[in-house]
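The structure displayed is predicted, hence computed values, not measured ones. So that the names make sense, note that chain A is the first sequence line, chain B the second, and so on, each numbered from 1.
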There are 2 protein chains.
Amino acid sequence: MLQTDLIKGSIRTIVLKLLKENGRMYGYEITRKVEELTSGKIRLTYGALYPVLHKLESEGVLVTEAENFNNRIRIYYSLTEKGHSLVREKVMELLEFIESLQSIVSPQTGPSYA
Amino acid sequence: MLQTDLIKGSIRTIVLKLLKENGRMYGYEITRKVEELTSGKIRLTYGALYPVLHKLESEGVLVTEAENFNNRIRIYYSLTEKGHSLVREKVMELLEFIESLQSIVSPQTGPSYA
DNA sequence: AATAATATATAAGATGTTTATATAATGTAA
DNA sequence: TTACATTATATAAACATCTTATATATTATT
């Protein structure tokens with residue numbers, strides 16, 4: 001597992017992107033999906049995930065629906081219209097950030113006339 | 001400029017990598033180099049940079065040399081042996097992290113038999 | 001003379017994350 | 001049938017990290 005503090009700051013974007021791709025999801029499902037997509041390299045903790053979800057809700061970025069499943073309450077989160085445009089922004093920002101990181105840590109991949 | 005909270009957690013690795021590539025550097029020079037490499041997209045703030053440098057020094061990862069330049073003191077930072085092996089670790093970790101992020105935000109780039 | 005750029009640094013406040021903890025139902029293996 | 005793993009949501013305390021504001025001072029440029 002990675003689980004370094006690199007994850008700091010990207011949880012919001014990850015959550016938003018997953019909700020965009022998968023429609024509505026519940027918290028546990030989000031953590032599973034992240035593990036699946038990253039081959040277990042990234043694991044969101046609930047102490048980090050739920051505060052993010054609650055904040056996004058209070059900002060009007062997503063809405064919740066509580067449903068009963070097997071005598072348990074399951075809370076589904078889905079993007080609002082505002083959420084959808086935020087995803088686009090945030091994902092672009094993340095891609096730019098990744099590019100920037102790469103230009104620091106990776107050697108130039110320009111033409112090599114070798 | 002990006003300057004989102006995505007940078008959180010990657011400053012250490014960025015600093016370490018730059019010191020490895022450039023030998024010794026001083027604080028201001030580090031911020032310049034990051035701006036240069038990222039076309040101004042990432043800007044380290046001093047409030048973030050200096051605490052990181054001081055912490056790395058206290059951990060024995062880097063050492064300082066104060067030199068006089070134009071009537072001003074300039075403090076050069078360079079990696080110790082311990083620092084050199086930490087860079088390798090941290091950069092690998094960052095590359096893995098980038099890969100993980102990409103598998104979340106980017107579409108699969110597998111063979112497309114189209 | 002004023003401003004921008006160079007240069008290091010700290011404190012206060014804000015934010016975000018980990019770790020620990022609580023609760024509870026269902027499925028599974030011994 | 002007991003114990004454990006998995007499913008499921010959630011909060012509080014502690015910790016780490018970052019931004020913003022601030023201080024200081026020299027040199028170069030307009």
Side-chain angles (χ1 to χ4, degrees), chain A residues 1-16 24-36 40 42-59 61-78 90 93-94 97, chain B residues 1-16 24-36 40 42-59 61-78 90 93-94 97:
Chain A
M1 228 219 308
L2 266 168
Q3 209 64 348
T4 60
D5 39 28
L6 292 170
I7 293 103
K8 286 169 199 281
S10 43
I11 297 183
R12 273 174 90 91
T13 306
I14 290 172
V15 166
L16 289 169
R24 62 178 209 169
M25 299 178 89
Y26 50 99
Y28 186 74
E29 194 185 3
I30 293 173
T31 64
R32 295 277 98 163
K33 196 72 186 174
V34 169
E35 276 190 56
E36 184 199 320
I42 295 182
R43 264 177 220 170
L44 301 186
T45 59
Y46 301 114
L49 177 62
Y50 286 112
V52 165
L53 287 170
H54 298 333
K55 187 143 192 237
L56 287 172
E57 190 188 5
S58 79
E59 289 170 4
V61 172
L62 49 81
V63 286
T64 60
E65 297 166 89
E67 269 181 41
N68 218 293
F69 179 79
N70 273 350
N71 290 336
R72 277 177 276 180
I73 282 172
R74 190 182 265 178
I75 298 166
Y76 282 100
Y77 300 87
S78 53
K90 284 286 173 187
E93 207 175 75
L94 185 59
F97 176 64
Chain B
M1 227 218 309
L2 268 165
Q3 209 63 345
T4 59
D5 39 28
L6 291 170
I7 292 104
K8 286 169 200 279
S10 43
I11 296 183
R12 272 176 90 90
T13 305
I14 291 172
V15 167
L16 289 169
R24 63 178 209 169
M25 299 178 88
Y26 50 100
Y28 186 73
E29 193 184 3
I30 293 173
T31 64
R32 295 276 99 161
K33 196 72 186 174
V34 169
E35 275 189 58
E36 184 199 321
I42 294 182
R43 263 177 221 169
L44 301 187
T45 59
Y46 302 114
L49 177 62
Y50 286 111
V52 165
L53 288 170
H54 299 333
K55 189 149 190 231
L56 288 172
E57 189 188 5
S58 79
E59 289 170 4
V61 172
L62 48 83
V63 286
T64 59
E65 296 165 90
E67 269 182 40
N68 218 294
F69 180 80
N70 273 350
N71 290 336
R72 276 176 276 180
I73 282 172
R74 190 182 264 177
I75 298 166
Y76 282 99
Y77 300 87
S78 54
K90 283 287 173 187
E93 207 175 76
L94 184 60
F97 177 64

Checklist outcome for this item: Distance col, row B:Thr64:OG1 vs B:His54:NE2, nearest 0.5 angstrom, shows 9.5 Å
Checklist outcome for this item: Between the CD atom in B:Glu67 and the OH atom in B:Tyr26, the distance rounded to the nearest 0.5 Å is 11.0 Å
Is the phosphate of [N] approached by [X] (side-chain N or O, under 4.0 Å from OP1 or OP2)?
X       : N      : result
B:Arg32 : C:dT6  : yes
B:Lys55 : D:dT17 : yes
B:Thr45 : D:dC18 : no

Give the rounded distance in Å between these two atoms: [atom1] of [X] and [atom2] of [N].
X       : N      : atom1 : atom2 : answer
A:Ile14 : C:dT17 : CD1   : C1'   : 13 Å
A:Leu6  : D:dT17 : CG    : P     : 11 Å
B:Ile42 : D:dC18 : CD1   : C1'   : 14 Å
B:Leu44 : D:dT17 : CG    : P     : 15 Å
B:Leu49 : D:dT19 : CG    : P     : 11 Å
A:Arg43 : C:dT19 : CZ    : C1'   : 16 Å
B:Asn68 : D:dA25 : CG    : C1'   : 13 Å
A:Glu59 : C:dT15 : CD    : P     : 11 Å

Checklist entry - Is B:Arg12 paired with B:Glu93 through a side-chain N to carboxylate O contact shorter than 4.0 Å? => result no
Checklist entry - Can you tell which of A:Glu35, A:Glu29, A:Glu36 makes a salt bridge (Lys or Arg N to Asp or Glu O under 4.0 Å) with A:Lys33? => result A:Glu36
Checklist entry - Applying the side-chain contact (heavy atoms from CB on, under 4.5 Å) test to B:Val34, which of B:Ile11, B:Leu49, B:Ile14 qualifies? => result B:Ile14
Item to check | Passing candidate, side-chain contact (heavy atoms from CB on, under 4.5 Å) with A:Leu53, options A:Ile30, A:Val61, A:Ile75 | outcome: A:Ile30
Next on the checklist: Less than 4.5 Å apart, side chain to side chain, heavy atoms only: is that true for A:Ser10 and A:Phe97?
Outcome noted: no
Checklist entry - Which parts of nucleotides 8-15 of chain D does protein reach within less than 4.0 Å, heavy atoms only, written one letter per nucleotide 5' to 3' as B for base, S for sugar-phosphate only and - for none? => result SBBB----
